[in-house]
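Order of listing sets the numbers, starting from 1, for every ligand and every atom in it.
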Amino acid sequence: MGNRIVVVGTQWGDEGKGKITDYLAQQADVVVRSQGGNNAGHTIIFGGKKFALHLIPSGIFNPHIQNIMANGMVIEPIALFKEFEMIHEAGIIDYQLAISDRAHVIMPYHLDIDVLEENLKGSLAVGTTKKGIGPAYTDKSMRIGIRIGDLLDPEQFKERLTISLRFANLKLQSYGAKTYDFEDLYDTYLEYGKKLAKWVTDTSVLLEKVVFQNKKMLFEGAQGVMLCIDHGTYPYVTSSSPSAASVPLYAGVSPQAITDVVGVTKAYVTRVGSGVFPTEFEDDCSKGIRQRGKEYGTTTGRPRRIGWLDMVVLRHAKRVSGLTSLSVMLLDVLSGVSELKICTGYLLDSKQIDYIPANYNDFAKIQPVYVTLPGWTEDITKCTTFDELPIQAKQYLRAIEEYSGIPIGIFSVGPDRLQTIALKQYFDYK
Ligand code: IMP
C-alpha cells in the first residue's frame, strides 16, 4: 500500500464513505476534497457528537491534519460559514484548512436556477439536491463562473460578477423569476471573500510539496461513480466526475501521485433521486433494510431506494476508477435477511451483457441475473475479526470479491469507528 489513497463511492453516493474516510483520515497527514459541493454530506461522530459535514474535509477535527478544498469543488459560502459555526460551537478552533483560489463559487442565483430547471424538466427531472451544483458547474464550463480567488480582488470580481449575473438574470427573467441586484451581491460576496481570505491559496502548489514529502494523503470522494457526468447513468448524474480518475484534475496533482483507490460499497445498494436502478426492490425486506440502515438522505432527508448488490456496477466502477480494494459497509444491516441476492450480470433483450448500456432506454430494459446466497440471523455488530463472522456472512463477502474481482480491504459491522474491520494496512509506515 502506498501513501496517497483515493476513497471513491462505487454506486450512486451514500455508500458510507464518511465512515471509512473518517477511519483512514485518522492515519493521514492531509485530507483533500476535490469535487462537488454541499450536495454531498457525511456524518462524522466525534467526541460522542454527530457532525454532518457537507463541504469541509473530514480531517478538520484533528489539528495535525491539513485539510484541503481543491479546485474542482463548487463552494457555497453561506453553507461553508454554517459549517464553520457548527465546528466552532463544538470547540474546534484549532484546525488547518486551505481553499483553492480556483474552486468555483455557488451564487444564490444558481440555487434558484437549479429549482427552475428541474421544474422545467417535469417528469424528466434529475431529482437534484437543489443546492445549485449543476448551474455552478454550467457557468464554469461556459467560462462565466466566479472563482473563490475572484472574491479577493474587487476589480476582478466586478468583471466576473457582471458577466455571470448578466446571463443569470436573463435566465431568471425568462422563467418569470426574481432577478438579482448587482450591488447587493457585489458587497456581500466581497465581504465573504474577506472572511475566507486567510485560507485561500493555490492548493495545487501546496499539494505538490506534500506529495514530494511523501506525506500520507487521503482524497475523500463525494457522490459515486454512477453519478459521474461521464461514466454515470447520464442524465441522472451530478455535474462533475466523482470517479478516481478525476482526482488528479480536480486536485491539481499528478496522475502518478495516486497509489491506491478504495472503492466503497454498502453490503447492498441505495439511490436517492430519479433514474434507473436495475436491482431495486420494494417489499418488507427492503423496508427493513431502510429502517435498520437509516436510509434517508443526509442532505435532503429523502428515503433512499434499496437494491441488491450489483456486480456489473462494481466492475464498471473498477474499470473507470481503478479500484485496488473494496470497503464493504453496513454488513450488519443484512442480519436477518433470509436470502441474499447478488446481481452477477445483465440481460438486455435476452442477451447477456457485462456493461452499463450508454443508451438510457436500454439501461431501463435491463434484467438482472442473480445468484442467491443464504443469509444469517446472528447479530454481527460485536465481531472484531473476519473469522468471528457467521459462515454465511463470510461466504457473502467472498462472493463479492469473486464476482467483482476486487479484494476486500475493510468491512464494517456498525456505525462506531471500532466496528470497522481492516483486513490490511492502508498507509505505508516506513
Ligand atoms: P446534484 O448533484 O444536486 O445536481 O444532483 C444530481 C443527482 O445526484 C441527484 O440524483 C442527487 O440525488 C444525486 N446526488 C448528488 N450528491 C449526492 C450525494 O452526495 N449522495 C447521493 N446522491 C447525490
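- Looking at atom 21 (C) of ligand 1, its nearest protein heavy atom turns out to be D14 OD2, 3.1 Å.
- The distance criterion of under 3.5 Å between nitrogen or oxygen atoms is met by T129 with respect to ligand 1.
- When ring centroids are compared, Y95 and H88 come within the 6.0 Å threshold.
- At a 4.0 Å cut-off, not a single heavy atom of D114 sits close enough to ligand 1 to count as contact.
- When hydrogens are left out, the protein atom nearest atom 6 (C) of ligand 1 is V237 O, 3.3 Å; that is the closest non-hydrogen contact.
- Remark: minimum distance from atom 2 (O) of ligand 1 to any protein heavy atom is reached at T238 OG1, 2.6 Å.
- In this structure, the ring of Y355 has its center no less than 6.0 angstrom from the ring center of Y346.
- Using a 4.0 Å cut-off between a side-chain N of Lys or Arg and a carboxylate O of Asp or Glu, K266 and D14 do not qualify as a salt bridge.
- Shown in contact with G127 at under 4.0 Å from a heavy atom are these atoms of ligand 1, numbered in order with element: 9 (C), 10 (O), 11 (C), 12 (O).
- In terms of polar-atom proximity, S274 is not counted as a contact of ligand 1, lacking any N or O under 3.5 Å from an N or O of the ligand.
- Between Y360 and Y234, the ring centre distance reaches or exceeds 6.0 Å.
- Between K171 and E117 there is a salt bridge, since a side-chain N of the basic residue sits under 4.0 Å from a carboxylate O of the acidic one.
- Heavy-atom contacts of A40 reach the following atoms of ligand 1: 19 (O) (cutoff under 4.0 Å).
- The aromatic ring centroids of Y268 and W308 lie 6.0 Å or more from each other.
- Checked against the 6.0 Å centroid threshold, F51 and F61 count as a close aromatic pair.
- When each atom of ligand 1 is checked for a heavy atom of W12 under 4.0 Å away, the hits are 21 (C), 22 (N).
- Heavy atoms from other residues, nucleotides or ligands lying under 6.0 Å from CD of Q26 number more than 12.
- For ligand 1, the polar-atom distance check finds no N/O of S239 at less than 3.5 Å from any of the ligand's N/O atoms.
- Every atom of ligand 1 with a heavy atom of Q223 under 4.0 Å away is listed here by number and element: 15 (C), 16 (N), 17 (C), 18 (C), 19 (O).
- The closest protein non-hydrogen atom to atom 5 (O) of ligand 1 is T128 CA, 3.3 Å.
- Shortest contact from atom 23 (C) of ligand 1 to any protein heavy atom: L227 CD1, 3.6 Å.
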(message) Evaluate F277 against W12 for ring-ring contact (aromatic ring centres under 6.0 Å, His included), listing each step before the verdict.
(response) CA-CA 10 Å; F277 181 5; W12 288 275; 5.1 Å; yes
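- Taking any N or O of R302, backbone or side chain, at least one lies under 3.5 Å from an N or O belonging to ligand 1.
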